[in-house]
Amino acid sequence: MATTQPRRRIPYPPLISVCASLWWLAAVTVSVHEFPSDGTVIELDDESFDRAISAFDFILVDFYAPWCGHCKRLAPELDKAAPVLAQLNEPIMIAKINADKYTKLAAKYEIDGYPTMKLFMHGVPVEYTGPRNAELLVRFLKKFVAPDISFLESDTAVQNFIDMAGANFPMFIGFGLNESVILELAHKYKKKAWFSVAKDFSEEIMVAYDFDKVPALVSLHPKYNEQSVFYGPYEGEFLEDFIRQNQLPLTVPINSETLKLVKDDERKIVLTIVEDELDENSLKLVRILRSAATANRDLIFGYVGVKQWGEFVDAFDISKRSKLPKLLVWDGKEEYHIVVGSEGLDDNDQGSQISRFLEGYREGKTIKKEMNGPSLIGFINSLISIRTVYLIVFIVAVLMVIQNFSQTEENLQFRGIQDGAEGTDATTSHIESHRDYQPGNKED
């Protein structure tokens, strides 16, 4: 009896799986190479859009309209930012698409104004509402795509993290600190500060960053050359108070950029007004204020020069006859307090004068005042674009012209009616109409 040999199975499924994987890899490779990655802003259309989103982990898309003036002003800023962002450790590409032409895509991503920018992170869109200046845009996006917490395993890693973070945001490094302690706050303050934990580090690092035991949370503010150390307790509100207070330097130069940070803080502002914040006497005073700020962390210490921002200073009733430097406590809104007997500072022993000012404030020896209306308007105008002011003036002028034209047209129509009536009455008597005429009856 003949025996039947078992048929040998051909391993098609594994072969198909391998082929599918190779096809997917080839498709992704082709997709990546389809678009430039050298920092050129990529022009997309409805066919290439999805492929671009899939090709890059991070891609910022500008939904624009060709006729939009704001879009035209944004374009050169994106051109400047694109090559910088493309060189990051986590590269961010910049692309743009004419949303006025490709309306289906605009509707899909709920574009209701131009320009609108969306950052696609692994294909998931998040609307970008940060600054549009090239330098600030780079700062913001670097922070946006960074992990909530970076993990540092050596002295070199600590230094590389500090170099990467740059000088524009404060940073917090937990030496010997469990990441779970700061994870929630790191996520909450992600867009405002850098966070990391270091596990392996030398005594040289401890000396360099001025802490002598662990766990320790070190706050660094490279832009202002400031640092401070927190040893706990890490429970309750103590940790968040330290992080929130160290978002700002001990002494804050008040300008249009820092003013937004100050107003987001709930603390009152001890504001020192000087003639010129860059002269030698003012710089010396700022150093004294820094010492006072260290002992009074429940207050923000700020300073501003009349020369640097006169429109803002005028709102606090400062004139050419005012004695400077002047101290006051501002609520960040429309009210401020002066301390009786401590309105100004002399050149002698300014540290003691500042201490008396703070004692008087805490004891309630103050006079409440309102910021000046006209000067406050000037201050607001200084925060908005002069083009906006011109636009408002232009619109008002156009409305006035339209109103004047409408009135003129009504007058002409009324005059035509009068002329018709006069033509009818003229048949009665030319002599009578001449007698009744008076110069005062003539219309202008």
Side-chain angles (χ1 to χ4, degrees), residues 166-172 189 192-194 209-210 218-230 241-310 312-313 315-316 318 322-333 336-339 342-362 366 379:
N168 298 305
F169 290 91
M171 61 188 78
F172 298 88
Y189 291 94
K192 296 182 178 181
W194 296 92
Y209 296 103
D210 199 24
V218 175
S219 166
L220 302 175
H221 227 308
K223 186 175 182 178
Y224 301 98
N225 195 28
E226 291 184 3
Q227 69 180 55
S228 55
V229 182
F230 181 72
D241 284 345
F242 175 78
I243 291 173
R244 186 177 63 252
Q245 291 170 2
N246 282 277
Q247 296 293 313
L248 294 167
L250 288 170
T251 51
V252 186
I254 302 297
N255 51 51
S256 58
E257 183 178 345
T258 60
L259 186 62
K260 297 172 185 176
L261 299 174
V262 166
K263 290 173 76 69
D264 287 341
D265 202 300
E266 298 178 355
R267 293 176 289 170
K268 298 289 193 299
I269 303 115
V270 176
L271 184 62
T272 303
I273 300 173
V274 297
E275 185 65 41
D276 181 358
E277 62 187 50
L278 299 178
D279 70 25
E280 184 177 348
N281 291 331
S282 296
L283 295 175
K284 179 181 177 182
L285 175 58
V286 169
R287 289 193 290 271
I288 298 172
L289 289 169
R290 186 175 290 118
S291 299
T294 303
N296 296 272
R297 296 309 298 264
D298 60 324
L299 298 169
I300 297 173
F301 283 72
Y303 61 94
V304 61
V306 175
K307 182 177 180 180
Q308 279 73 27
W309 202 0
F312 174 76
V313 168
F316 298 98
I318 299 297
S322 300
K323 180 182 177 182
L324 299 178
K326 181 176 180 176
L327 286 171
L328 56 91
V329 180
W330 180 37
D331 68 351
K333 299 175 183 176
Y336 66 96
H337 290 77
I338 60 172
V339 176
S342 297
E343 295 89 347
L345 291 175
D346 297 325
D347 292 336
N348 298 323
D349 196 9
Q350 291 181 329
S352 297
Q353 295 177 66
I354 293 171
S355 296
R356 287 195 295 271
F357 171 87
L358 293 171
E359 289 173 4
Y361 169 69
R362 295 190 185 281
T366 63
F379 148 63

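Count residues from 1 along the sequence. Scope of the values below: all heavy atoms of this structure, side chains included, with no hydrogens, waters or symmetry mates.
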Check the pair Val252, Leu261 against side chain to side chain contact (heavy atoms under 4.5 Å, CB included), reporting the backbone distance first and the verdict last. CA-CA 10 Å; Val252 186; Leu261 299 174; over 6 Å; no
Run the numbers on Leu285 and Gln350 for side chain to side chain contact (heavy atoms under 4.5 Å, CB included), then give the verdict. CA-CA 8 Å; Leu285 175 58; Gln350 291 181 329; 3.5 Å; yes
Which word best sums up how the rings of Phe312 and Trp309 line up, parallel for under 30°, tilted for 30 to 60°, or perpendicular for over 60°? parallel
Spatial distance of atom CD1 (Ile288) from atom CG (Leu345) [nearest 0.5 Å]: 8.5 Å
Quick one: does Asp346's side chain have a donor or acceptor within less than 3.5 Å of a partner on Asn348's backbone? no
Where does the angle between the aromatic ring planes of Phe230 and Phe242 fall among parallel (under 30°), tilted (30 to 60°) and perpendicular (over 60°)? parallel
Report the C-alpha separation of Val329 and Thr366 in whole Å, then their side-chain angles, then the decisive distance to 0.1 Å, and conclude whether the side chain to side chain contact (heavy atoms under 4.5 Å, CB included) test is met. CA-CA 9 Å; Val329 180; Thr366 63; over 6 Å; no
Flag side-chain contact, heavy atom, 4.5 Å: Leu289 against Ile354: yes
Looking only at non-hydrogen atoms, find the nearest pair between Val229 and Tyr209 and report the distance. CG2-O, 4.0 Å
Would you name the heavy atoms of Thr272 and Pro325 that are closest together and state the gap between them? CG2-CB, 4.3 Å
Interatomic distance, CG@Asp331 vs CD@Glu266, rounded to 0.5 Å, equals 13.0 Å
State, with a plain yes or no, whether a side-chain heavy atom of Leu250 is found less than 4.5 Å away from one of Glu226. yes
Tell me whether Ser282 contacts the main-chain N or O of Asp276 through its side chain, where contact means a donor paired with an acceptor under 3.5 Å. yes
Can Arg244 and Asp264 be counted as an ion pair, charged N to O under 4.0 angstrom? no
Inter-residue atom distance His221.NE2 - Leu248.CG, 0.5 Å rounding: 6.5 Å
Say you draw a straight line from OG1 of Thr251 to CD1 of Ile300; how long is it, rounded to the nearest 0.5 Å? 12.0 Å
Can you name the closest pair of heavy atoms from Phe172 and Ile243 and give their distance? CZ-O, 3.6 Å
Kindly give the heavy-atom pair with the smallest separation between Met171 and Pro222, and that separation in Å. CE-CG, 3.7 Å
Measure the CH2-CD1 distance between Trp330 and Ile269 for me, rounded to the nearest 0.5 Å. 5.5 Å
Looking at CD1 of Ile318 and NZ of Lys323, how far apart are the two atoms once the value is rounded to the nearest 0.5 Å? 12.5 Å
Residue from Arg362, Lys268, Arg267 passing salt bridge (Lys or Arg N to Asp or Glu O under 4.0 Å) with Asp298: Arg362
Pair Lys326, Leu271 - check side chain to side chain contact (heavy atoms under 4.5 Å, CB included), show working. CA-CA 8 Å; Lys326 181 176 180 176; Leu271 184 62; over 6 Å; no
Please examine the side chains of Ser342 and Tyr361, heavy atoms only from C-beta on, and report whether any two atoms are closer than 4.5 Å. no
Heavy-atom distance under 4.5 Å between the side chains of Tyr303 and Pro253, does that happen here? yes
If every non-hydrogen atom of Ala292 is compared with every non-hydrogen atom of Leu358, which pair is closest and at what distance? CB-CD1, 4.4 Å
Counting only heavy atoms not in Lys307, do more than 12 sit closer than 6.0 Å to its NZ atom? no
Got Val274 and Asp279 here, is their nearest side-chain heavy-atom distance under 4.5 Å? no
Check: Gln308 and Leu278 side chains under 4.5 Å, non-hydrogen atoms: yes
Please name the pair of heavy atoms, one in Ala315 and one in Tyr336, separated by the smallest distance, quoted to 0.1 Å. O-CE2, 4.3 Å
Any side-chain heavy atom of Leu259 sitting closer than 4.5 Å to one from Ile254? yes
